[in-house]
Participant: 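Can you keep this structure in mind? I'll have questions shortly.
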Amino acid sequence: MLDIKLIREDKNNIIERLNRRGRDFTDVIDRIIKKDQDRRLILIELEGKKQQLNSSSKEIGILKQEGEEEKADILKQNLKQLSEEIKEEDKNITEIDQSLKFLLLSIPNALLLDVPLGKSAEDNTIIKVVGEAKLFDFKPKDHVDLGEALGYLDFDRAGKIAGSRFPLLMGEGAKLERALINLMLDLQAVNGYTEVVPPFLANQASLTGTGQLPKFEEDLFKCRDDEYYLIPTAEVPLTNIHRNEFIKAEDLPLKYTAYTPCFRREAGSYGKDTRGLIRNHQFNKVEIVKLVKPQNAEKELESLLRDASMVLDALELPYRVVKLCGGDTGFSAAKTYDLEVWMPSSESYREISSCSLFTDFQARRLNIKYKDENKKTNFIYTLNGSGLAVGRTFAAVLENFQNAAGKLILPEILQKYLKN
RNA sequence: GGAGAGGUGGCUGAGCGGUUUAAAGCGGCGGUCUUGAAAACCGUUGACUGUUAAAGGUCCGGGGGUUCGAAUCCCUCCCUCUCCGCCA
């Protein structure tokens, strides 16, 4: 959520940073400003009336103590109407507050000024390329053919159990998935993240806090009889650990990691990546989350990116780092780097991690504060990244480490994890 | 699922219709003392809104109600704890 004060005081700057997303936010911002002004006008009048009521009520208390019952009764009669008026106007203010809040909750984060302009993924900036994109002297299989041949994957039976876009890993495949999870968690432990096993369902407040609600409900699986949603990412529970909390400055930064399954309806992506592990309704992910002081934000994003990259380095997978352009940056993020892994079957790079800085956008929704150096209360900044999407890593491992015979030659570190 | 207890400022905790602008303690901050520190003592210290600064307004789990006036009474929902039942 953007700061209404900032919108009031620095409207043009906010609009400029929003418009980097590739559409014009002037109208919405103007509507917000108008509503905010209306609200303040009504509020001034209302507060005057409240002041009057408060002091008169106090007077009644005093009169009664002095035994002046009659005077008190007269005053009481006179206050009845004022009290009614206040109640009425209070209702109006609440309504305006709610619609203002809804508008604010529906506006995406203002982007940092170094986020490149652009409409789609094609306009992202390639920051660096790590490792060599493997070219095979045979035609590499994709991870589905390979996985099914090896008995690791069984999408037909997954369809029987649940439906399309669900994975079923069997035998060595299931073990490989578990090895990857363990490897990732161990690496992030070394990087100083506290391991967490959070709830896999979250309530409405939590999802509003991180930004999935109210705008993107159609992307979520929702329980029918309870106000719970299946988490679309561990970002939700991890970032919500400290919702409505005051953090001691010396406890920052706070760093958490968790492995969780993630559940996404993938509404609106019919026909996209229908094959394999790339886009499923359920997938495993190891997430890393940080709560930091604002002044360290950019540095913390760079280090978060390194923490995520480290997994790809350890697995010896070729990848590249891209900075997302405005149009491709997610709703809550102010700036995002993606890690894209090389997929030999399609000879392309595919997103495997997304590392974002959210500035105080989430913290404001979540009400997470700390006291800064000047003892001023301030919102913390949040960041998160995938470290990594396990399903996509699984696919990348299969495709990158296959040989002509259709067997896997895994890097040493993975072999070690498979043994344990 | 049944019965009971409870949710109050960074923390502990009193208040249970009207000088409460939420007591007190802890913690924090400043000071006195000290070579320095600790202890002790003195002062200060909730959040949000608003303002040049103030005044004022809002906030005692969430929502609604009663009243001139609600932390306090009523309704409702949520959460925590104890006991019972069921259960991995």
Side-chain angles (χ1 to χ4, degrees), chain A residues 1-10 32-33 35-102 104-105 197-209 213-214 222-223 225-229 237 240-252 254 291 293 360 363-380:
Chain A
M1 188 163 56
L2 296 176
D3 185 359
I4 183 74
K5 266 192 262 177
L6 259 182
I7 295 177
R8 273 201 296 256
E9 287 160 17
D10 208 357
I32 288 176
I33 289 178
K35 209 172 263 273
D36 179 55
Q37 280 168 346
D38 291 349
R39 176 180 174 277
R40 280 149 66 99
L41 282 179
I42 299 175
L43 204 59
I44 288 168
E45 194 201 330
L46 176 61
E47 288 189 352
K49 287 186 179 173
K50 281 189 177 176
Q51 183 181 358
Q52 200 184 326
L53 181 73
N54 286 347
S55 65
S56 298
S57 292
K58 204 167 270 178
E59 210 173 305
I60 292 177
I62 294 167
L63 285 174
K64 281 202 155 184
Q65 270 175 353
E66 291 170 347
E68 306 262 20
E69 291 291 336
E70 267 177 53
K71 281 188 185 171
D73 280 344
I74 293 166
L75 200 47
K76 231 192 252 188
Q77 287 306 314
N78 295 341
L79 285 183
K80 215 163 205 153
Q81 200 197 332
L82 183 62
S83 175
E84 287 302 316
E85 279 173 31
I86 287 173
K87 242 167 236 175
E88 197 55 40
E89 287 180 31
D90 245 341
K91 236 171 238 167
N92 289 340
I93 280 282
T94 309
E95 237 167 72
I96 293 173
D97 276 349
Q98 275 171 354
S99 69
L100 189 59
K101 178 124 198 238
F102 184 81
L104 282 171
L105 286 174
V197 181
F200 299 163
L201 304 191
N203 59 32
Q204 190 185 312
S206 293
L207 285 147
T208 304
L213 293 178
K222 185 182 181 181
C223 297
D225 294 331
D226 305 277
E227 274 301 310
Y228 293 126
Y229 298 83
N240 270 278
I241 289 175
H242 294 287
R243 173 152 53 86
N244 285 329
E245 286 187 22
F246 236 100
I247 315 253
K248 289 197 186 111
E250 65 261 33
D251 290 341
L252 295 172
L254 287 162
L291 312 187
K293 293 182 192 171
D360 62 0
R364 195 175 295 280
R365 292 165 165 248
L366 295 159
N367 188 30
I368 307 178
K369 299 173 186 171
Y370 81 110
K371 280 216 199 299
D372 65 21
E373 286 65 24
N374 307 318
K375 286 173 214 130
K376 223 183 147 271
T377 301
N378 239 322
F379 290 106
I380 53 122

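Quick note on labels: first sequence line is chain A, next is B, and so on, each numbered from 1. All values below come from the heavy atoms of this structure, side chains included, with hydrogens, waters and symmetry mates left out.
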Participant: As a test of your reading of the structure, name each stem of RNA chain B as range with range, where a stem is three or more consecutive Watson-Crick or G-U pairs at under 3.5 Å.
Facilitator: B:1-7 with B:78-84, B:10-12 with B:24-26, B:27-32 with B:40-45, B:46-49 with B:56-59, B:61-65 with B:73-77

Participant: Give a yes or no on whether A/Phe102 atom CZ has more than 12 heavy-atom contacts from other residues, nucleotides or ligands under 6.0 Å away.
Facilitator: no

Participant: Quantified in whole Å, what is the C1' atom distance between nucleotide B/rU45 and nucleotide B/rG9?
Facilitator: 11 Å

Participant: Walk along nucleotides 16-28 of chain B from 5' to 3' and tag each nucleotide B, S or - by protein heavy-atom contact under 4.0 Å, base first, then sugar-phosphate.
Facilitator: --B--S-------

Participant: For the side chain of A/Ser83 and the backbone of A/Leu79, is there at least one donor-acceptor N/O pair under 3.5 Å apart?
Facilitator: no

Participant: Determine the minimum heavy-atom distance between A/Gln204 and A/Tyr229, stating which atoms define it.
Facilitator: CA-CE1, 4.2 Å

Participant: Whole Å only: how far is the NZ atom of A/Lys369 from the P atom of B/rG46?
Facilitator: 14 Å

Participant: How many angstroms lie between CZ in A/Arg243 and CD1 in A/Ile368, if you round to the nearest 0.5 Å?
Facilitator: 9.0 Å

Participant: Could you tell me whether A/Glu227 and A/Lys222 make a salt bridge, using a distance below 4.0 angstrom between a side-chain N and a carboxylate O?
Facilitator: yes

Participant: Measure from the side-chain heavy atoms of A/Ser83 and tell me the nearest of B/rG57, B/rC68, B/rU51.
Facilitator: B/rC68

Participant: B/rU19 and B/rU80: how far apart are their P atoms, nearest whole angstrom?
Facilitator: 35 Å

Participant: Could you work out the separation of B/rC73 and B/rC16 based on their C1' atoms and round it to a whole Å?
Facilitator: 9 Å

Participant: Can you tell me if A/Ser206 and A/Asn203 form a side-chain donor-acceptor pair at under 3.5 Å?
Facilitator: yes

Participant: Is any side-chain N of the basic residue among A/Glu95 and A/Lys91 closer than 4.0 Å to the acidic one's carboxylate O?
Facilitator: no

Participant: Whole Å only: how far is the CG atom of A/Asp90 from the P atom of B/rG65?
Facilitator: 10 Å

Participant: Using a cut-off of 4.0 Å on non-hydrogen atoms, how would the nucleic acid contact of A/Arg8 be classed: base, sugar-phosphate, or nothing?
Facilitator: sugar-phosphate

Participant: Could you check how far CD of A/Gln51 sits from C1' of B/rG56, rounded to whole Å?
Facilitator: 5 Å

Participant: Taking the C1' atom of each, how far is B/rC60 from B/rU20, in whole Å?
Facilitator: 12 Å

Participant: Over all strands shown, is A/Lys87 touching base, sugar-phosphate only, or nothing at heavy-atom distances under 4.0 angstrom?
Facilitator: base

Participant: For residues A/Pro214 and A/Leu105, report the shortest heavy-atom separation together with the two atoms involved.
Facilitator: CD-CB, 3.9 Å

Participant: Using a heavy-atom cut-off of under 4.0 Å over every strand shown, decide if A/Asn54 touches base, sugar-phosphate, or nothing.
Facilitator: sugar-phosphate

Participant: Sticking with atom C1', work out how far B/rG56 lies from B/rU51, rounded to a whole angstrom.
Facilitator: 10 Å

Participant: Take the protein atom CG of A/Asn203 and the nucleotide atom C1' of B/rG62, then report the distance between them rounded to whole Å.
Facilitator: 13 Å

Participant: Quick one: label A/Leu53 by what it contacts on the DNA or RNA (base, sugar-phosphate, nothing), any heavy atom closer than 4.0 Å.
Facilitator: sugar-phosphate

Participant: Sticking with atom P, work out how far B/rA70 lies from B/rG62, rounded to a whole angstrom.
Facilitator: 16 Å

Participant: Roughly, in whole Å, what's the span from CD1 in A/Ile93 to P in B/rG56?
Facilitator: 20 Å

Participant: Would you please say whether a donor-acceptor pair under 3.5 Å links the side chains of A/Glu85 and A/Gln81?
Facilitator: yes

Participant: Measure CD/A/Gln52 against P/B/rA55 and give the value in whole Å, please.
Facilitator: 20 Å

Participant: Would you say A/Lys80 reaches B/rC68's phosphate, i.e. side-chain N/O to OP1/OP2 under 4.0 Å?
Facilitator: yes

Participant: Could you state the interatomic distance from CD1 (A/Ile93) to CD (A/Glu89), rounded to the nearest 0.5 Å?
Facilitator: 8.0 Å

Participant: On RNA chain B, does the nearest nucleotide to A/Leu43 precede the nearest nucleotide to A/Phe246 from the 5' side, or the other way round? Give the residue.
Facilitator: A/Phe246

Participant: How close or far is atom C1' of B/rA47 from atom CD of A/Glu245, stated in whole angstroms?
Facilitator: 16 Å

Participant: Side chain of A/Glu47: nearest nucleotide among B/rG56, B/rU58, B/rG65?
Facilitator: B/rG56

Participant: Check whether A/Arg39 reaches the backbone of A/Asp97 with its side chain - one donor and one acceptor, N or O, closer than 3.5 Å.
Facilitator: no

Participant: Could you check A/Lys50 against A/Lys5 and say which one's nearest nucleotide on RNA chain B is further toward the 5' end?
Facilitator: A/Lys5

Participant: Between B/rG57, B/rC68, B/rG50, which one does the side chain of A/Arg40 approach most closely?
Facilitator: B/rG50

Participant: What's the CD-P distance between A/Gln204 and B/rG63, to the nearest Å?
Facilitator: 14 Å

